[in-house]
Asks: 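Dropping a structure here in structure tokens format, bear with me for questions.
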Amino acid sequence: MLDIRWIRENREKVEASLKNRGASFDLEGLLSLDEERRRLLQEVEALKHERNVASDEIGLLLREKKDTTSKKEEMKAISQKIASLDEKVGEISKKLDYLVLIIPNIPHSSVPLGEDSRANKEVRSWGKPRKFSFKPKTHLELLEHLGIIDFKRGAKVTGAAFPLYVGDGAKLERSLIQFMLELHTGKHGYQEISPPFLVNRESMTGTGQIPKFEEDMYRLKDDDYFLVPTAEVPVTNLHRDEVLEEKELPLYYTAYTPCFRREAGSYGKETKGLTRVHQFDKVELVKFTHPDKSYEEHEKLLKDAEEVLQLLEIPYRVMLLSTGDLGFAASKCYDIEAYAAGTGTYLEVSSCSNFEAFQARRANIRFRSKSTKASQFVHTLNGSGVALARTVICLLEHFQEEDGSVLLPMALRPYMGGQERLTTPPR
RNA sequence: GGAGAAGUGGCAGAGCGGUUGAAUGCGGCGGUCUUGAAAACCGUUGUCCCGCAAGGGACCAGAGGUUCGAAUCCUCUCUUCUCCGCCA
């Protein structure tokens with residue numbers, strides 16, 4: 001969320017941001033509501049002052065055992081007026097609060113201008129797409145051959161696009177999670193968190209998933225809880241409504257959670273296989289930083305995520321998202337796209353974003369500055385480190401052999417109990 | 001799930017209709033003393049909103065209500081603790 005005062009004073013910047021993002025928003029309506037709210041606030045606060053003064057007087061009169069009925073009558077009328085004005089202010093504030101929550105963040109100056117993903121910029125790439133001496137299979141063919149994911153039974157147990165991992169598939173999933181967590185906690189200095197997989201409305205609002213994207217989230221019917229769409233939500237909200245010490249910053253957290261996404265509106269698109277599923281595993285990286293350091297930390301976070309793919313020896317490219325493709329809450333975002341050799345396409349396996357104070361303001365996450373002694377908002381960042389389902393696709397397709405077996409990258413073997421290869425299980 | 005108790009400033013803990021934004025202690029910050037430190041002593045110390053300012057408003061878990069006036073009374077919700085039940 002943006003600061004309403006800042007919006008008031010930087011109208012052109014907000015307009016430019018909305019235009020560059022291709023977002024529609026009634027800025028005019030917001031500003032006039034803001035003006036009306038302030039006008040009413042002044043009116044009602046003057047009345048409240050009058051009431052406070054009169055109440056003190058009544059207290060004094062009572063102590064002197066004097067009559068207070070006329071004064072009380074007078075104040076009764078004022079109290080009624082206050083109540084009706086308060087109600088008006090409340091209504092306007094509610095509208096205003098909603099509007100402020102659905103304005104997207106301002107893109108950073110280094111973000112390329114553009115309408116959509118076509119304007120994204122490739123920052124760098126790592127590894128070379130493998131040259132095959134045979135026709136590589138797609139992950140669907142490999143999964144079928146290896147028998148490590150049972151989509152049919154997943155659909156029976158729950159519904160379409162809920163993958164059910166079997167045998168080596170389940171083991172591979174577990175090993176990847178373990179491998180990533182070990183890398184980030186050991187080498188990169190993140191603290192591991194194992195958070196709840198259900199979060200409340202305040203948390204979802206804090207990181208920006210709602211109110212704007214509520215229909216994309218799974219919600220429980222009887223309790224106002226949501227299934228986490230990403231570990232970003234519980235981990236960022238760890239410090240909601242807290243004032244951190246400046247010397248604690250930056251804070252680094254990593255967490256594994258399954259991620260639940262309704263993917264409403266994307267039916268028919270990539271619905272087969274693991275590319276777009278309702279539940280997938282992900283190891284997430286989250287940082288809380290000093291505002292002066294967030295862009296530096298952003299680059300480091302990206303490198304931490306990249307290292308996962310490097311150790312897994314999967315070729316990838318890093319894309320800097322354009323204003324039109326940038327997520328709602330982000331100021332700047334890099335996507336890591338891993339190469340899927342079977343189809344010759346790139347799949348997004350990580351999104352590394354700097355939200356600046358956008359989430360911190362919503363979630364009220366501040367730190368006390370030693371020098372100024374005042375509290376100010378931290379900057380929050382996060383990135384996938386990395387998302388599993390699509391990484392599994394790229395891993396299988398990249399390391400496949402002609403006979404349909406899959407060689408495992410060296411880095412993963414210790415986590416697979418020394419296993420070197422995925423093969424068709426014996427019957 | 002049932003019964004009971006409680007939620008007050010960074011922490012501990014008073015207050016239970018009217019100079020209480022909130023006693024007191026600890027902590028924090030500044031100072032005196034000291035070669036330095038500790039101790040002792042003195043002072044100071046919440047957040048948010050409106051306003052150019054002067055100033056004003058709000059906040060005692062959260063949301064409503066009663067009242068001229070609510071941290072204090074009433075209702076609901078949430079959280080914590082104790083006991084019982086159930087259960088990985």
Asks: State the pairing partner of B/C73; accept Watson-Crick or G-U wobble contacts with both distances under 3.5 Å, and report none otherwise.
Replies: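 Pair assignment: B/C73 / B/G65.
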Asks: Using atom P in both nucleotides, what's the gap between B/U82 and B/G31 to the nearest angstrom?
Replies: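 Taking atom P in both B/U82 and B/G31, they lie 46 Å apart.
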Asks: If I take atom NZ in residue A/K48 and atom P in nucleotide B/A58, what distance separates them, rounded to the nearest angstrom?
Replies: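 Atom-to-atom, A/K48 to B/A58, this comes out as 6 Å.
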Asks: Check this for me: does any side-chain nitrogen of one of A/E242 and A/R366 sit under 4.0 Å from a carboxylate oxygen of the other?
Replies: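 Result for this pair is no, no salt bridge flagged.
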Asks: How would nucleotides 68-79 of chain B be written as a contact map, 5' to 3', with B for base contact, S for sugar-phosphate-only contact and - for no contact, using protein heavy atoms under 4.0 Å?
Replies: BS----------
Asks: Taking atom P in both B/G27 and B/U34, compute the distance separating them and give it to the nearest angstrom.
Replies: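 Pairwise P distance, B/G27 against B/U34, rounds to 23 Å.
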Asks: Sort out the partner of B/C41 for me: Watson-Crick or G-U wobble, both distances under 3.5 Å, none otherwise.
Replies: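 Base partner found: B/G31.
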Asks: Can you list everything that forms a side chain to side chain donor-acceptor pair (under 3.5 Å) with A/E420? Sequence neighbours excluded, please.
Replies: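 A/E420 satisfies side chain to side chain donor-acceptor pair (under 3.5 Å) with no residue once adjacent residues are dropped.
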Asks: Write out all pairs satisfying side-chain hydrogen bond (donor to acceptor under 3.5 Å, both in side chains) with one or both partners inside residues 196-209 of chain A, taking only residues at least two apart or from two chains.
Replies: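 Of all non-adjacent pairs touching residues 196-209 of chain A, those that pass side-chain hydrogen bond (donor to acceptor under 3.5 Å, both in side chains) are A/N200-A/S203, A/R201-A/E214, A/R201-A/D224, A/S203-A/R240, A/T207-A/Q209.
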Asks: Using atom P of each nucleotide, how far apart are B/A5 and B/C11 to the nearest Å?
Replies: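 Each nucleotide's P atom is 26 Å from the other's.
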Asks: Between B/C49 atom C1' and A/W6 atom CH2, what is the distance in whole Å?
Replies: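 Atom-to-atom, A/W6 to B/C49, this comes out as 21 Å.
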Asks: When the distance from CD of A/E35 to C1' of B/C50 is rounded to whole Å, what number comes out?
Replies: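 The answer, rounded to whole Å, is 14 Å.
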Asks: Look through every strand shown and name the nucleotide pairing with B/U82 as Watson-Crick or G-U wobble, where both distances are under 3.5 Å.
Replies: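 Across any shown strand, B/U82 pairs with B/A3.
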Asks: Provide the Watson-Crick or G-U wobble partner of B/G10, both distances under 3.5 Å; none if there is no partner.
Replies: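 B/G10 is paired, partner B/C26.
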Asks: Please report the distance, rounded to the nearest Å, between CG in A/L85 and P in B/C49.
Replies: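 From A/L85 CG to B/C49 P: 22 Å.
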Asks: Just the atom pairs and distances: protein N or O near nucleotides 61-66 of chain B's N or O, under 3.5 Å.
Replies:
none

Asks: Step by step, would you call A/T323 with A/R21 a side-chain hydrogen bond (donor to acceptor under 3.5 Å, both in side chains)?
Replies: CA-CA 5 Å; A/T323 51; A/R21 279 175 170 275; over 6 Å; no
Asks: Please state the C1' separation for the pair B/A58 and B/C26 - nearest whole angstrom.
Replies: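 My reading of the C1' atoms in B/A58 and B/C26 gives 29 Å.
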Asks: Find the distance A/E45:CD to B/G56:P and express it as a whole number of Å.
Replies: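 After rounding, the gap between these two atoms is 12 Å.
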Asks: Expressed as a whole number of Å, how far does the C1' atom of B/C60 sit from that of B/A70?
Replies: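 One C1' to the other, the span is 11 Å.
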Asks: Who pairs with A/E232 by side chain to side chain donor-acceptor pair (under 3.5 Å), at least two apart in sequence or on another chain?
Replies: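 With neighbours one apart ignored, the set is A/Q359, A/N382.
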Asks: RNA chain B: A/V53 or A/L41, which has the more 5' nearest nucleotide?
Replies: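 Closest to the 5' end, via its nearest nucleotide, is A/L41.
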Asks: Whole angstrom is fine here: how far is it from CD1 in A/I82 over to C1' in B/U67?
Replies: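 For the pair A/I82 CD1 and B/U67 C1', the rounded distance is 13 Å.
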Asks: Find the distance A/D34:CG to B/C49:P and express it as a whole number of Å.
Replies: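 Nearest whole value for this atom pair: 13 Å.
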Asks: What is the separation between atom CZ on A/R37 and atom C1' on B/A58, rounded to the nearest whole Å?
Replies: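 That distance rounds to 12 Å.
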Asks: Please collect all side-chain hydrogen bond (donor to acceptor under 3.5 Å, both in side chains) contacts where either partner lies in residues 187-199 of chain A, sequence neighbours excluded, each pair once.
Replies: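 Applying side-chain hydrogen bond (donor to acceptor under 3.5 Å, both in side chains) to every pair that reaches into residues 187-199 of chain A, excluding sequence neighbours, yields A/H184-A/H188, A/K187-A/E307, A/H188-A/E307, A/Y190-A/D304.
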Asks: When rounded to the nearest Å, what value does the distance between P atoms of B/U72 and B/U67 take?
Replies: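 So the two P atoms sit 16 Å from each other.
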Asks: Taking atom P in both B/G25 and B/G13, compute the distance separating them and give it to the nearest angstrom.
Replies: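 Those two atoms are separated by 16 Å.
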Asks: Not counting sequence neighbours, which residues clear side chain to side chain donor-acceptor pair (under 3.5 Å) with A/D56? List them please.
Replies: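 A/D56 satisfies side chain to side chain donor-acceptor pair (under 3.5 Å) with no other residue.
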Asks: Less than 3.5 Å apart, which donor and acceptor atoms pair up between the side chains of residues 168-183 of chain A and the rest of the protein, not counting sequence neighbours?
Replies:
residue : atom : partner : partner atom : Å
A/D168  : OD2  : A/Q419  : NE2          : 2.9
A/K171  : NZ   : A/M416  : O            : 3.3
A/K171  : NZ   : A/Q419  : OE1          : 3.4
A/S175  : OG   : A/K171  : O            : 2.7
A/S175  : OG   : A/Y415  : O            : 3.0

Asks: Taking ring pair (Phe, Tyr, Trp, His ring centres under 6.0 Å) as the cut-off, I'd like each qualifying pair that reaches into residues 143-172 of chain A, sequence neighbours left out, listed once.
Replies: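 Pairs touching residues 143-172 of chain A that pass the test: A/F162-A/H278.
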Asks: Measuring only the P atom in each nucleotide, how far is B/A38 from B/U20? A whole number of Å is fine.
Replies: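 36 Å, rounded to whole Å.
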Asks: Once you apply the 3.5 Å cut-off to both distances, tell me the Watson-Crick or G-U wobble partner of B/A88, or none.
Replies: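 Base partner found: none.
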Asks: What is the ring orientation for A/Y253 with A/H239, classed by angle as parallel under 30°, tilted 30 to 60°, or perpendicular over 60°?
Replies: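 A/Y253 vs A/H239 ring planes: tilted.
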Asks: Identify the pairs formed between an N or O of the protein and an N or O of nucleotides 51-53 of chain B at a distance under 3.5 Å, and give each distance.
Replies:
residue : atom : partner : partner atom : Å
B/G51   : OP1  : A/R38   : NH1          : 2.7

Asks: Return the set of residues passing salt bridge (charged side-chain N to carboxylate O under 4.0 Å, His left out) with A/K152 (not counting sequence neighbours), or none when no residue passes.
Replies: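 Here no residue qualifies.
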Asks: Check the orientation of A/Y218 and A/F260. Use parallel for under 30°, tilted for 30 to 60°, and perpendicular for over 60°.
Replies: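 Aromatic pair A/Y218/A/F260 classed perpendicular.
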Asks: What does B/C59 pair with, Watson-Crick or G-U, if both distances are under 3.5 Å?
Replies: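 Per the H-bond distance test, B/G46.
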Asks: Under 3.5 Å for both donor-acceptor distances, Watson-Crick or wobble: does B/U19 have a partner, and if so which one?
Replies: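 With both distances under 3.5 Å required, B/U19 matches none.
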Asks: Holding to side chain to side chain donor-acceptor pair (under 3.5 Å), I want the full list of residues that pass it with A/D3, two or more places apart in sequence or in another chain.
Replies: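 A/D3: no side chain to side chain donor-acceptor pair (under 3.5 Å) contacts found.
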